[in-house]
Amino acid sequence: GDYGRSSAWMASAAVDGSPGVSSQPVPTTYAAWKAYYGVAGDSVDGDADGLPPLLEFALGIDPRSGTGANGPAALPIGSLGPAGRLAMVLQLPLNPAAPQGHGRAEVRYEIQVGGELTGWTTVATKTQTAGWTGAAQVALGPVAAGYQEVVVTDPVGLSTAVRRHLRLRVSWQP
C-alpha cells in the first residue's frame, strides 16, 4: 500500500509486473511459509476454513483463502477401496528434493486407523527423509497442477463386527 517507500518495490519476472501478487516462490520450510503468508501462530485460522496452519502447509494450501482448493475441499477423501478395504486419497505438493518426489520438508505424514475414533494405530508413514512405509498399501496416482495423488489403502478389510476409520495426522519435524 505504501508506493512511495522503496522497500515496497521489487523486480518481477512477469511482463508488466505482478501487482498485488508476490513474485517470490512460496517457502518450503514451515517457519518461512508462516512468515511469507503472515500466519500469526500455529493455532490461528486466518481464513476461517477450520484447518490449522500446519495442515495447510502440509497439504500445500494457501492459508489466506478458505474456499475451493484452498479450503476443506483440499482435505483427503475417504472411500471403499479394493477388497472391501478403506482407502484415503491425498493430494500432496510436489517436492523434487523429497523421497518419491512429494510432501513438504519438515512434515511427518501418518495415516492412522482406529475402531472407535480412539486408540489410533499408524499404518503408513512418510517423512522428509523416507518414502511411504508401513502395513498399508500406498499407490501413487497421477500428478496434476503441482500435486501428487497418493492412495493409501487400509491393510485390513471391513467387517460387520469391527468399525474402522482412517485419519491423516501431520506433525512438524524441523
For Thr153 and Leu86, run side chain to side chain contact (heavy atoms under 4.5 Å, CB included): C-alpha distance rounded to whole Å, both residues' side-chain angles, the deciding distance at 0.1 Å, then the answer.
-> CA-CA 6 Å; Thr153 304; Leu86 290 174; over 6 Å; no

Kindly determine whether Gln112 and Thr122 satisfy side chain to side chain contact (heavy atoms under 4.5 Å, CB included), including the steps that lead there.
-> CA-CA 4 Å; Gln112 298 181 322; Thr122 300; 3.1 Å; yes

Residue pair His165, Glu116: steps toward the side chain to side chain contact (heavy atoms under 4.5 Å, CB included) verdict = CA-CA 8 Å; His165 305 277; Glu116 295 296 328; 5.7 Å; no

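Pairing each heavy atom of Pro27 with each of Tyr36, the nearest pair is CD-CG, 3.4 Å. Summarising the geometry of Ala136 relative to Pro155, their closest heavy-atom pair is CA-CD, 3.9 Å, with the distance given to 0.1 Å. For the pair Pro72 and Gly66, the tightest heavy-atom approach, listed with the atom from each and the gap, is CD-O, 3.7 Å. Closest approach of Pro53 and Gly41 over heavy atoms only: CG-O, 3.4 Å. Nearest heavy-atom pair across Ala74 and Ala69 is CB-O, 3.2 Å. Here the shortest heavy-atom pairing between Pro99 and Ala130 reads CG-N, 3.4 Å.
Here the straight-line distance linking atom CZ of Arg85 with atom CG of Asp154 works out to 7.5 Å at 0.5 Å rounding. Rounding to the nearest 0.5 angstrom, the gap separating the CZ atom in Arg164 from the CG atom in Leu158 is 7.5 Å. Here Leu75 contributes atom CG and Leu55 contributes atom CG; the two are 6.0 Å apart, rounded to the nearest 0.5 Å. From Ser79, atom OG reaches atom CG of Leu166 across 9.0 Å, with rounding to the nearest 0.5 Å.
Side-chain atoms of Ile111 and Leu168, non-hydrogen and from C-beta on, do get closer than 4.5 Å to each other. Residues Val26 and Tyr37 have side chains in contact (heavy-atom distance under 4.5 Å, counting atoms from C-beta outward). The shortest side-chain heavy-atom distance between Ile61 and Leu51 falls under the 4.5 Å cut-off. With contacts defined as side-chain heavy-atom distances shorter than 4.5 Å, the pair Pro142/Gln148 does not qualify. Side chains of Trp33 and Glu56 form a contact here, defined as non-hydrogen atoms less than 4.5 Å apart. Considering only heavy atoms from C-beta on, Leu59 comes within 4.5 Å of Leu92 through its side chain. Inter-residue side-chain proximity for Asp49 and Thr67 is flagged as unmet; no heavy-atom pair is nearer than 4.5 Å.
Leu80 and Val150 end up in the same hydrophobic cluster when Ile, Leu, Val, Met, Phe, Trp and Tyr side chains are linked at under 4.5 Å. In the hydrophobic cluster analysis, where Ile, Leu, Val, Met, Phe, Trp and Tyr join through side-chain heavy atoms closer than 4.5 angstrom, Trp172 is grouped together with Val39. Both Val170 and Val152 belong to a common hydrophobic cluster when Ile, Leu, Val, Met, Phe, Trp and Tyr are linked at side-chain heavy-atom distances under 4.5 angstrom.
A donor-acceptor pair under 3.5 Å is formed between the side chain of Asn95 and the backbone N or O of Gly103. With hydrogens and angles ignored, the 3.5 Å screen pairs a side-chain donor or acceptor of Gln128 with a backbone N or O of Glu106. Judged purely by atom type and a 3.5 angstrom limit, Glu149 has no side-chain atom pairing as donor or acceptor with the backbone of Leu140. No donor-acceptor pair under 3.5 Å is formed between the side chain of Tyr147 and the backbone N or O of Leu90. Between the side chain of Asp45 and the backbone N or O of Gly50, at least one donor-acceptor pair lies under 3.5 Å. Side-chain N or O atoms of Asn70 include one that pairs as donor or acceptor with a backbone N or O of Asp62 at under 3.5 Å.
In this structure, Arg104 forms a cation-pi arrangement with Phe57, its terminal cationic atom sitting closer than 6.0 Å to the ring centre and no more than 45° off the ring axis. Both tests pass for Lys34 against the ring of Tyr30: distance under 6.0 Å to the centre and angle within 45° of the axis.
With no hydrogens or angles considered, no side-chain donor-acceptor pair links Glu110 and Thr125 at under 3.5 Å.
Taking the six-membered ring where the residue is Trp, His102 and Trp132 present parallel rings, their angle staying beneath 30° rather than reaching 60°.
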